[in-house]
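Positions are given from 1 along the sequence.
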Amino acid sequence: FLGLLMPLELTAYDLFLRLRPTEPIDDQLLIIINTKEDTARWPDPTEQSSLSEQTLLNLVNKLNGLSPQLIGLDVYRDQASTLPDLKQQIETADNLIFICKAADPTPPPVLAIPAPPELTDLSRVGASDFLYDGNKEIVRRHLLGFSAPAPCNPEFTFSTALAQRYLNERHGVSIQGSFIGTVPTPF
């Protein structure tokens with residue numbers, strides 16, 4: 001009834017999620033967090049990113065040495081690289097997935113942040129955004145994708161782009177329209 005029970009429902013949902021048993025650690029997934037301490041220790045001298053180009057290059061080289069299937073870089077890089085080795089990695093390393101941010105015209109307006117300019121293959125880009133419902137609340141469901149104008153208009157969100165590539169390469173499952181493999185999705 002007009003969303004009157006929604007706050008109570010969301011609170012109960014959050015509580016039940018927190019009460020779930022702890023899931024085992026997946027040894028096929030590695031998450032590296034770039035903390036405030038890291039950015040203070042290895043600052044970007046240009047102050048255009050949370051990672052300097054040399055730090056990012058070192059990280060990507062180290063990770064590629066482990067032969068990962070995919071590397072998802074949740075770091076905005078809207079400037080062209082000045083390091084030739086990093087530029088080459090961005091252009092040619094098919095296992096690197098980058099993010100971009102779509103513009104949001106609703107107040108306060110948010111400007112778009114494009115993917116690295118060296119990147120021409122949009123299948124290696126995912127949008128990293130929150131969407132808001134009519135009540136200015138963050139939409140609380142997973143977004144597979146959304147429509148946005150350039151310069152950030154990839155087919156999928158960042159997490160979906162990673163999942164789609166992993167499922168397709170490892171298990172032959174693809175996301176097409178409103179289907180994941182042969183299973184319809186409710187969106």
Side-chain angles (χ1 to χ4, degrees), residues 9-10 12-34 51 56-57 59-78 86-104 112-133 137-187:
E9 291 171 350
L10 292 176
Y13 177 73
D14 287 344
L15 175 66
F16 284 122
L17 283 179
R18 285 192 295 271
L19 292 175
R20 290 184 314 172
T22 303
E23 295 183 22
I25 295 175
D26 186 343
D27 63 357
Q28 296 183 24
L29 183 66
L30 172 65
I31 298 175
I32 299 172
I33 299 171
N34 186 22
L51 288 175
L56 181 60
L57 177 62
L59 176 65
V60 168
N61 285 338
K62 190 168 199 166
L63 291 173
N64 273 329
L66 300 172
S67 302
Q69 183 175 343
L70 295 169
I71 299 172
L73 292 172
D74 189 356
V75 177
Y76 293 116
R77 296 211 54 87
D78 59 342
L86 181 58
K87 182 177 181 174
Q88 181 183 11
Q89 287 273 15
I90 292 171
E91 290 173 347
T92 62
D94 190 50
N95 67 337
L96 292 178
I97 309 294
F98 293 87
I99 64 169
C100 65
K101 180 164 185 54
D104 184 358
I113 302 174
E118 301 93 337
L119 193 60
T120 57
D121 180 5
L122 283 183
S123 71
R124 294 178 46 215
V125 179
S128 177
D129 286 289
F130 289 109
L131 294 182
Y132 295 89
D133 65 14
E137 297 288 329
I138 293 175
V139 173
R140 297 169 58 102
R141 64 181 181 276
H142 181 76
L143 298 174
L144 296 177
F146 58 91
S147 178
C152 180
N153 56 352
E155 183 177 3
F156 298 116
T157 60
F158 180 65
S159 57
T160 305
L162 284 166
Q164 192 273 341
R165 285 279 303 270
Y166 172 81
L167 290 171
N168 192 16
E169 291 174 12
R170 183 64 68 103
H171 301 288
V173 175
S174 65
I175 300 173
Q176 297 294 327
S178 62
F179 286 84
I180 298 177
T182 59
V183 179
T185 56
F187 69 94

Between [atom1] of [X] and [atom2] of [Y], what distance do you get to the nearest 0.5 Å?
{"X": "S159", "Y": "I97", "atom1": "OG", "atom2": "CD1", "result": "12.0 Å"}
{"X": "D74", "Y": "I32", "atom1": "CG", "atom2": "CD1", "result": "12.5 Å"}
{"X": "L73", "Y": "F158", "atom1": "CG", "atom2": "CZ", "result": "6.5 Å"}
{"X": "S123", "Y": "R165", "atom1": "OG", "atom2": "CZ", "result": "6.0 Å"}
{"X": "L86", "Y": "E91", "atom1": "CG", "atom2": "CD", "result": "10.0 Å"}
{"X": "L56", "Y": "N61", "atom1": "CG", "atom2": "CG", "result": "9.5 Å"}

* Report the residue from P116, C152, P154 that forms a side-chain contact (heavy atoms from CB on, under 4.5 Å) with V125. =>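 It is P154, the one option of P116, C152, P154 that forms the side-chain contact (heavy atoms from CB on, under 4.5 Å) with V125.
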
* Kindly write out the residues that satisfy salt bridge (Lys or Arg N to Asp or Glu O under 4.0 Å) with R124, not counting sequence neighbours, or none if the list is empty. =>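 Result, salt bridge (Lys or Arg N to Asp or Glu O under 4.0 Å) vs R124: none returned.
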
* To do: Tell me, please, which residues at least two apart from D121 pass salt bridge (Lys or Arg N to Asp or Glu O under 4.0 Å).
  =>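 Scan of D121 (salt bridge (Lys or Arg N to Asp or Glu O under 4.0 Å), adjacent residues dropped) gives none.
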
For [X] and [Y], which heavy atoms make the closest approach, and how far apart are they?
{"X": "G126", "Y": "A161", "answer": "CA-CB, 4.4 Å"}
{"X": "L162", "Y": "G72", "answer": "CD2-CA, 3.8 Å"}
{"X": "P114", "Y": "C100", "answer": "C-CB, 3.8 Å"}

* Asked: Considering residues at least two apart in sequence or located in another chain, which fulfil the side-chain hydrogen bond (donor to acceptor under 3.5 Å, both in side chains) criterion with Q69?
  ->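 side-chain hydrogen bond (donor to acceptor under 3.5 Å, both in side chains) list for Q69, sorted by chain: E169, R170.
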
By side chain to side chain contact (heavy atoms under 4.5 Å, CB included), which residues pair with [X], not counting sequence neighbours?
{"X": "I113", "value": "Y76, D78, K101"}
{"X": "A112", "value": "A103, P151"}
{"X": "N64", "value": "V60, P68, I71, Q89, N95"}
{"X": "N34", "value": "D38, T39, S50, L51"}

Acceptor/donor pairs from residues 16-27 side chains to any protein atom, 3.5 angstrom cut, sequence neighbours excluded:
from	atom 1	to	atom 2	distance (Å)
R20	NE	L17	O	3.4
D26	OD1	Q28	N	2.8

* Does the side chain of L119 come within less than 4.5 Å of L96's, by heavy atoms? ->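 Counting from C-beta outward, L96 and L119 never come under 4.5 Å.
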
